Amino acid sequence: METSKNILLFLLILNSFTSNIFSKDVNSQNSYANRSLPNLETKNYKISVIGSGYVGLVAGAGLAYFGNSVVCADIDNSKVELLNQGEIPIYEPKLKELISEQIKLDRLKFTSQVEDAIRSSDIIFIAVGTPMDDTGRTDLSYIEAVAKAIGKNLNGYKIICTKSTVPVNTGQLIKDLISLESEDKFEFDVVSNPEFLKEGDAVNDFLNPDRVVLGVETEKAKEILNDIYRPLIERDIPFIYTSLNTAETIKYVANSFLATKISFINEVANFCEKVNADVLVVAKGIGLDKRIGQYFLNPGPGFGGSCFPKDTHSFLHKANQNGLNLQIVEAALKVNAQQRKHVFEKISNLLEGELEGKTIAILGLAFKAETDDIRESPAIYLIKEFLASKANIKAYDPMASNNMKHLYPDITYASSSADALSGADIAVILTEWKEFKELDLSKAASTMKNKVLFDARNILKVNELKDLGFKFANIGLAQVK
Ligand code: UDX
């Protein structure tokens, strides 16, 4: 009787909790303030998240938000110190607020004592990096080290849940390593729970996912994972329960499909340029067909970031190991590399092939807007080409300049868009930051040395550019008559 009363109470509280916090608008001003919090005492799992990068921090903070006691562990002491002071080492909208809130509620802690974190938790999420080597193979050394540490410190039944993107069969590898190191003294389950977060919108993606994939092979682990994700289950977010191998495969296929979609629209954009058609209208025209879908059809300078380039290569590599040649994924990568060259050629054409001595204002250094991440950013490739052509560069990004300084310390970094544009021979817009969309073009027209502009994200109004007398180009838009 007491139990059913508790369950009823729990559901009522959960209901008010979910209706308050899970509004789609996690960007609203007070999204992390003044909410009723869930009474999840009976479901308060001790969780550790190993690895405090993008995925680990968002997952750790999100799992704490769901009412669990979470310890995020990372071997990098300075990172842990920073996090304990409420600072975060990356720019990710809403993450700092969420982390601070969960620290205050005593549900989130950070430690560099990875072994203690393992020993004191019921569920361990692995969120360490899985970088790519020169051959496209995924380097699993961090995963292996964590699996061994878990095996050595296994002190009772635990669930080990992989959030890192890992090639198919890694779950089995983790199982084998834990078994070996723990000498099978304790029972454990390995689960694959791939993360589909987008940088720049990662908190929202964690709290409002399109779906949750669980590669879970025992009822016991499934029940516990369901408890942990109860707030999402209550909201009818689709859950896919499957095998480890299938869950691992889903992640690679999702990223490869999205990468293919981008390469496809970039090719279409190049066609549109040739025949004077408008790629954005074409994208809308096809995207309204539900079978195609309207998302991920924005042409641009080619995809970058920490996932698409790495995961497509890794998928190809795994397929090759299995005697398969994934021609479509291979083509998506080829088109992506070509798109960067195409962008360079278009900029070069605007400057009539004479780049030497010209001042190029680059607006946007991150691989996309709303992040400070420059990994595989098209800007890296273009800066290299511009420097090889002996052009001068004035670069600006609202968040990513410091990261780019490590790679290119000797180019000029501007303090604002206006500063970058002043005296420039050409403006090159590479990311879709809001402030670039709102660029004061008439001011730019008066401060630039030459009114020349390349818009690699199609964010500026072509009519306005034309009226102001700009010589300009973009990606796949019909020319303004
Ligand atoms: C991606 C996936 O979206 C995410 O689910 C996965 O977990 C990790 O990889 P992310 O790399 O953070 O996330 O960014 P995303 O917004 O997907 O963009 C990836 C790249 O594609 C960026 O370079 C972006 O500019 C480009 N892109 C995206 C386009 O060029 N056009 C589009 O229409 C969409």
Side-chain angles (χ1 to χ4, degrees), residues 53-59 90-93 95 127 129-130 132 162-166 193-206 208-213 247-248 250-270 279-280 282-284 286-287 292-315 332-333 335-340 342-343 364-382 397 400 429-433 436 455-459 474-476:
Y54 270 103
V55 172
L57 286 178
V58 174
I90 48 172
Y91 171 73
E92 179 60 43
L95 185 57
T130 49
M132 178 178 77
T162 316
K163 279 251 167 239
S164 308
T165 301
V166 290
N193 176 209
E195 195 49 67
F196 299 100
L197 63 82
K198 297 182 292 298
E199 290 178 20
D201 200 23
V203 171
N204 186 35
D205 283 339
F206 193 88
N208 297 290
D210 288 347
R211 79 305 205 181
V212 174
V213 173
E248 289 164 346
I250 287 171
K251 173 70 193 232
Y252 282 94
V253 176
N255 278 354
S256 298
F257 189 86
L258 291 170
T260 305
K261 210 170 171 187
I262 297 166
S263 279
F264 181 75
I265 203 69
N266 281 339
E267 276 208 312
V268 171
N270 298 342
V279 69
L280 294 186
V282 171
K284 191 170 181 190
I286 61 166
I292 295 173
Q294 59 189 308
Y295 300 106
F296 267 70
L297 287 175
N298 293 315
F303 58 78
S306 64
C307 294
F308 287 174
K310 172 172 83 79
D311 296 349
T312 41
H313 275 108
S314 173
F315 192 28
L333 275 165
V335 169
N336 200 49
Q338 186 53 46
Q339 187 67 3
R340 290 175 180 200
H342 180 64
V343 165
L365 301 171
F367 77 98
K368 62 171 190 177
E370 294 296 334
T371 179
D372 59 356
D373 196 342
I374 60 161
R375 284 176 286 180
E376 300 286 333
S377 169
I380 297 174
Y381 168 82
L382 287 169
D397 189 287
I429 295 171
L430 288 182
T431 65
E432 68 284 24
W433 281 100
F436 300 155
D455 178 4
R457 298 282 181 171
N458 296 341
I459 55 175
N474 45 34
I475 309 262

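Worth saying up front: this structure is predicted, and the values here are computed from it rather than measured. Order of listing sets the numbers, starting from 1, for every ligand and every atom in it. Because only heavy atoms are used, hydrogens play no part in the values below, and waters and symmetry mates are left out as well, while side chains stay in.
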### Message
Which protein residues come within less than 4.0 angstrom of ligand 1, counting heavy atoms only?
### Response
Glu195, Phe196, Leu197, Lys198, Glu199, Lys251, Asn255, Ile262, Phe296, Leu297, Asn298, Phe303, Gly304, Cys307, Phe308, Phe367, Lys368, Arg457
### Query
Looking at residues at least two apart in the chain, or sitting in another chain, which of them share a salt bridge (Lys or Arg N to Asp or Glu O under 4.0 Å) with Asp372?
none
### Task
Taking salt bridge (Lys or Arg N to Asp or Glu O under 4.0 Å) as the test, write out the residues that go with Arg375, two or more places apart.
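Partners of Arg375 under the salt bridge (Lys or Arg N to Asp or Glu O under 4.0 Å) test: Glu199, Asp373.
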### Task
Please round to the nearest 0.5 Å and tell me the distance separating atom CZ of Phe367 and atom CD1 of Ile374.
11.5 Å
### Query
Looking only at heavy atoms, what is the nearest atom pair of Thr431 and Ile459, with distance?
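Between these two residues, the closest heavy atoms are O-CD1, 3.9 Å.
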### Summary
Contacts of Asn336 meeting side-chain hydrogen bond (donor to acceptor under 3.5 Å, both in side chains) (sequence neighbours excluded), chain-then-number -> none
### Query
How are the rings of Phe303 and Phe308 set to each other: parallel, tilted or perpendicular (split at 30° and 60°)?
perpendicular
